[in-house]
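Presented below is the structure to which this report refers.
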Amino acid sequence: MYSEGSSSRNQHDWDSDDDLEVFGMPQQTNQHTVSMESGSACSTAKNRNLIHHFLGMGFSVQEVIKAIEKHGEDNEENILERLLTLATTIEDPTGEASREQCDSAKKSVSGIDIDNDDAGPETEEDAFTSEKDETSSILVNMGYSFKDALIAVDNCGLGADLGELTDFICAAQLEKEIKSHLKHRPNRKHDASLHMHKRSRDHYYNGKRKSRMYCRASQKKPLEMDMEEIELSIPTNGFSIAKGIYPGVARKLPDKLEGPPYFYYENVALAPIGVWKKISNFLYGIQPEFVDSKFFCASTRKRGYIHNLPTENRSPLLPIQPLIVQEALPNTRKWWPKWDQRRHLNCLLTSIGAATVTEKIRRDLEECGAETPPPDVQDTVLKLCKKWNFVWVGKNKVAPLEPDEYEMLLGFPKDHTRGGGISRTDRYKALGNAFQVDTVAYHLSVLKDLYPNGINVLSLFSGIGGAEVALHRLGIKLNNVVSVEVSEVNRNIIHCWWEQTEQRGNLFEVEDVQRVTSEHIMEWITRFGGFDLVIGGSPCNNLSGSNRVSRDGLEGEHSSLFYEYYRIVNEVMQAQR
DNA sequence: TATAACCAGATCCAACCG
DNA sequence: CGGTTGGATCTGGTTATA
C-alpha cells in the first residue's frame with residue numbers, strides 16, 4: 001500500500017542538536033515545576049551526597065540546605081565554613097531549633113502531636129528527630145514535598161529504606177487520585193478499586209519492619225487519615241532514577257505544546273546515560289515522566305514517558321488489578337513459602353527461565369528435607385526466582401509465568417496473543433515488548449472527556465496494540481486508527497482484536513515505519529481531519545539492560561528508529577498547528 | 001564496594017520439510 | 001539428506017542503589 005517513497009533518513013542529520021528547535025522552542029527548557037515546601041537546592045545526586053556528608057557531621061537539615069543554596073554545591077569549603085559559623089553562633093548546636101521547625105511542619109500537616117510527653121534533650125526522641133530530619137531531607141532533595149516526606153517517615157518508620165518511603169508516597173498519591181475519582185462515581189460500594197486500598201496499604205505497611213520503636217505516631221492515628229494529607233505533587237513517579245533525569249511532576253507546558261495533537265512516547269527507564277536527555281531534547285524539551293508499573297499491577301516495569309497530555313484529573317483503569325502477586329495469581333498462594341517474601345514480580349521480559357533451572361531448584365529443596373531450608377539454599381533459590389520471575393506452583397516447585405499470566409499482568413484480554421499461528425516463544429517476545437496497559441491508560445485517561453465522540457490515532461510501533469487496548473478499555477471510541485507495526489504476527493493480533501471487540505471505526509495497517517512518507521501523513525490528515533493522538537514506544541533492544549551484546553544506545557540498529565517516531569510526530573505537529 | 005535488576009541476542013539441537 | 005525452523009538453553013555487562 002505504501003510501497004513508494006522512502007523517508008531517506010540520514011542519521012547524521014539527527015545527531016546535530018542544531019536541528020532541535022521546533023516551533024521556536026528553546027532546547028532543554030524545564031517545563032516542570034517541582035513542589036517543594038521546604039527550601040531546597042536542585043536535586044542532583046551530587047547535591048544529595050553533599051547533604052548526606054554534612055548531615056553526617058551533625059549539622060541540621062535546614063542549615064545544610066541553606067548553606068548549599070547560598071554557596072552552590074561546588075563550593076564545599078564555603079559551605080562548611082558557613083555551617084561552622086552558624087554552629088558557634090546558634091545557642092542550640094544540638095539541632096533543637098531545626099527539630100522545632102520540623103515538628104511544627106509535621107503538626108501543621110497531620111494535625112497530630114506525636115510529642116506529648118516532655119522528653120529531655122538526651123532522650124530517644126532526640127535521636128528520632130535527628131534521624132527523621134536526615135531521612136526527610138533526602139526525600140525532599142529527590143523532589144518530594146516536605147509534608148509528604150514527613151508523613152512517609154512517620155508511617156514507614158526510620159528503619160525504612162528509601163524505596164519503601166517513595167513507594168509509600170506514590171501509593172498514597174495514587175490512592176488519593178483514585179478516591180478523588182471515585183467520589184464522582186455512582187455506586188461506589190461495588191467498585192473493585194476500593195478493595196485495592198486495603199490491600200495496597202497492607203502491602204506497604206505490614207510487609208516488613210514492624211519492630212521499630214517509632215510506631216507510636218502511626219498507632220495514634222489511622223493510616224487512612226495520614227494518607228489523605230499526601231499531596232499530589234509528584235504523580236506516579238515510582239522510583240528515583242538516573243542522574244539528570246527529572247521526576248514526573250505537575251507541570252505547565254508552553255502554549256505551543258499544549259492541546260492537540262497529543263503525542264505519547266514510551267521507552268525503558270534504565271536506558272544508557274544520556275539517552276533520555278537526547279530523546280527529551282528531540283521531543284521539544286519535555287521531560288520524561290518515569291513510572292514503575294508496580295503501582296498498577298503485580299510486576300515492576302520501569303518506563304519513561306514523554307507526552308504533551310494534560311496531567312490533571314487522571315483516573316485509573318477499572319477494575320484495578322491486584323498489586324500483590326499472591327492475589328494476582330491466587331493459585332500460587334498456598335505454595336508460596338514464608339521465606340520467599342516477594343510481593344511483586346520483577347519486569348516481565350521477552351524470555352523465560354529454563355526448565356532445567358526449575359528442576360534444579362526442586363531437587364535442591366527436596367534434598368534439604370526440612371520444611372524450612374537452610375539460609376544458603378534459601379538465598380540461592382530466591383536469587384534464581386527473582387532473576388527468572390518464577391512463581392510457586394507446588395511443593396518445592398517453581399515455574400515461569402505462562403503467557404496468559406503475562407497477558408493478565410500487562411492488562412491485555414485473556415488469549416490476546418493466543419492462536420493465529422503464533423508460537424509460545426513469540427508470545428513471550430511480543431508480550432515482553434508490550435505496554436503495561438493500566439499504566440498507559442492512566443496517562444491516556446484524560447482524553448476521555450476531551451474526545452467524547454472518539455479519536456483518530458496514529459499508533460507507531462504498535463506491537464500487540466497496547467495503546468489501542470488501553471484506549472478501548474478506557475471507553476474511548478476509536479474512529480480511525482493507523483497502526484504501524486513491522487511484525488506480521490503482531491499485526492494479525494491487532495487485527496483479530498479489532499474484529500473481536502467489534503470496533504466501528506477504521507483500522508489501517510501499515511508495515512514499515514520507515515516507509516511512512518509525508519504524503520501518507522498528509523493524506524491521512526486530510527482524510528480523517530487530523531490525528532488526535534500519536535502514540536508509540538520505539539524499540540528498546542539497544543537500550544535495554546538485558547541486552548549484553550548490542551546495547552549500543554539510541555544509535556543502535558533498532559533503537560535508532562526513535563528518529564522515525566520523532567520525524568512522524570514532528571510532521572503531524574507541524575501540519576496540524 | 002557489593003548487589004540486584006534488566007521490553008536481549010547467539011547458539012545449539014531436534015523436529016520438520018521437500 | 002541437506003536445509004530450514006523454532007524451542008530451549010546459554011551468555012554477562014551496564015546501571016542504579018544501598
Side-chain angles (χ1 to χ4, degrees), chain A residues 44-45 48-49 52 134-135 138 142 159-167 238-245 265-276 290-294 297 299-305 342 344-360 379-380 382-389 399-401 403 406 409-412 417 421-437 439-440 461-464 466 487 489-490 536-553 556-559 561-562:
Chain A
T44 62
R48 254 195 320 272
N49 291 337
H52 254 303
E134 181 175 347
T135 310
I138 295 166
M142 287 168 71
D161 58 35
L162 272 181
E164 285 178 70
L165 293 165
T166 54
D167 281 1
F239 49 101
S240 54
I241 194 71
K243 300 163 191 139
I245 295 186
Y265 176 79
E266 180 259 13
N267 215 318
V268 291
L270 296 164
I273 289 173
V275 166
W276 271 109
F290 291 102
V291 184
D292 189 336
S293 291
K294 72 178 178 182
C297 68
S299 68
T300 63
R301 201 170 189 81
K302 295 172 182 176
R303 296 291 179 272
Y305 304 88
R342 285 179 297 157
H344 60 262
L345 296 164
N346 281 333
C347 187
L348 305 186
L349 303 177
T350 56
S351 56
I352 59 168
T356 49
V357 183
T358 60
E359 168 60 11
K360 184 181 182 304
D379 190 52
T380 312
L382 272 177
K383 276 181 183 164
L384 287 169
C385 285
K386 288 177 181 174
K387 179 176 180 182
W388 294 112
N389 255 343
L401 292 171
Y406 263 53
L409 290 164
L410 292 171
F412 288 93
T417 60
I422 187 171
S423 70
R424 185 179 159 89
T425 306
D426 282 343
R427 287 181 76 188
Y428 283 118
K429 194 155 202 157
L431 286 159
N433 284 316
F435 283 171
Q436 204 290 322
V437 170
T439 311
V440 172
F461 311 102
S462 300
I464 56 174
S487 157
V489 171
N490 287 349
S538 62
C540 67
N541 310 33
N542 310 115
L543 309 180
S544 165
S546 295
N547 189 341
R548 300 179 295 276
V549 181
S550 57
R551 199 181 187 189
D552 305 325
E557 182 187 353
H558 305 286
S559 296
L561 287 171
F562 159 75

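The chains referred to below are lettered A, B, ... by the order of the sequence lines, with proteins before strands, and numbering in each begins at 1.
- For the pair A:K360 NZ and C:dC10 P, the computed distance is 12 Å after rounding to whole Å.
- The CG atom of A:L384 sits 12 Å away from the P atom of C:dC10 (whole-angstrom rounding).
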Using the 3.5 Å cut-off, write out each protein N or O paired with an N or O of nucleotides 5-9 of chain C and the distance between them.
from, atom 1, to, atom 2, distance (Å)
C:dG7, OP1, A:S423, OG, 3.1
C:dG7, OP2, A:S423, OG, 2.9
C:dG7, OP2, A:T425, OG1, 3.3
C:dG7, O5', A:T425, OG1, 3.3
C:dT9, OP2, A:A355, N, 2.9

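- For A:K387, the side-chain hydrogen bond (donor to acceptor under 3.5 Å, both in side chains) test picks out no residue, with sequence neighbours left out.
- Taking atom CG of residue A:N542 and atom P of nucleotide C:dT15, one finds them 14 Å apart after rounding to whole Å.
- Following rounding to the nearest Å, A:L543 (CG) and B:dC7 (C1') show an atom-to-atom distance of 10 Å.
- Qualifying side-chain contact (heavy atoms from CB on, under 4.5 Å) partners for A:T425, counting only residues two or more places apart in sequence or in other chains: A:S423.
- Residues forming a ring pair (Phe, Tyr, Trp, His ring centres under 6.0 Å) with A:F461 (at least two apart in sequence, or on another chain): none.
- In this structure, A:Y406 has no side-chain hydrogen bond (donor to acceptor under 3.5 Å, both in side chains) partners at least two apart in sequence or on a different chain.
- The distance from atom CD of A:E266 to atom P of B:dC7 is 10 Å, rounded to the nearest whole Å.
- With sequence neighbours left out, A:D379 forms a side-chain contact (heavy atoms from CB on, under 4.5 Å) with A:K383.
- Within 4.0 Å of A:Q436, counting heavy atoms only, lies no atom of the nucleic acid at all.
- Here A:N541 reaches the OP1 or OP2 of B:dG9: one of its side-chain N or O atoms lies under 4.0 Å away.
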**Report entry** Base-pairing string, 5' to 3', of DNA chain C - Watson-Crick or wobble, under 3.5 Å, | interstrand
**Finding:** |||||||||||.||||||
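- Legend: residues meeting side-chain hydrogen bond (donor to acceptor under 3.5 Å, both in side chains) with A:T417, ordered by chain and number and at least two apart, are A:E407, A:R427.
- Scanning all heavy atoms of the two residues, the minimum distance from A:H558 to A:N542 falls at N-OD1, 2.8 Å.
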Restricting both atoms to N or O, compile the protein contacts to nucleotides 4-6 of chain B shorter than 3.5 Å, with distance only.
from, atom 1, to, atom 2, distance (Å)
B:dC6, OP1, A:T300, OG1, 3.1
B:dC6, OP1, A:C347, N, 2.7
B:dC6, O2, A:G545, O, 2.6
B:dC6, O2, A:S546, N, 3.3

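- Straight-line distance from the NZ atom of A:K429 to the C1' atom of B:dC7: 11 Å, rounded to whole Å.
- Side-chain N or O atoms of A:Q436 include one that pairs as donor or acceptor with a backbone N or O of A:L409 at under 3.5 Å.
- Looking at residues two or more places apart in sequence or on another chain, you find a side-chain contact (heavy atoms from CB on, under 4.5 Å) between A:S546 and A:L349, A:S544.
- A search for ring pair (Phe, Tyr, Trp, His ring centres under 6.0 Å) contacts involving A:Y305 returns A:Y264, A:H443, not counting sequence neighbours.
- Across all strands shown, A:S293 has no heavy atoms under 4.0 Å from either base or sugar-phosphate atoms.
- Nucleotides C:dC10 and B:dC7 are separated by 23 Å at their P atoms, to the nearest Å.
- By the side-chain hydrogen bond (donor to acceptor under 3.5 Å, both in side chains) test, A:N490 pairs with A:E485, sequence neighbours left out.
- Taking only side-chain atoms of A:H558, from C-beta outward, the nucleotide of B:dG9, B:dC7, C:dT11 with the closest atom is B:dG9.
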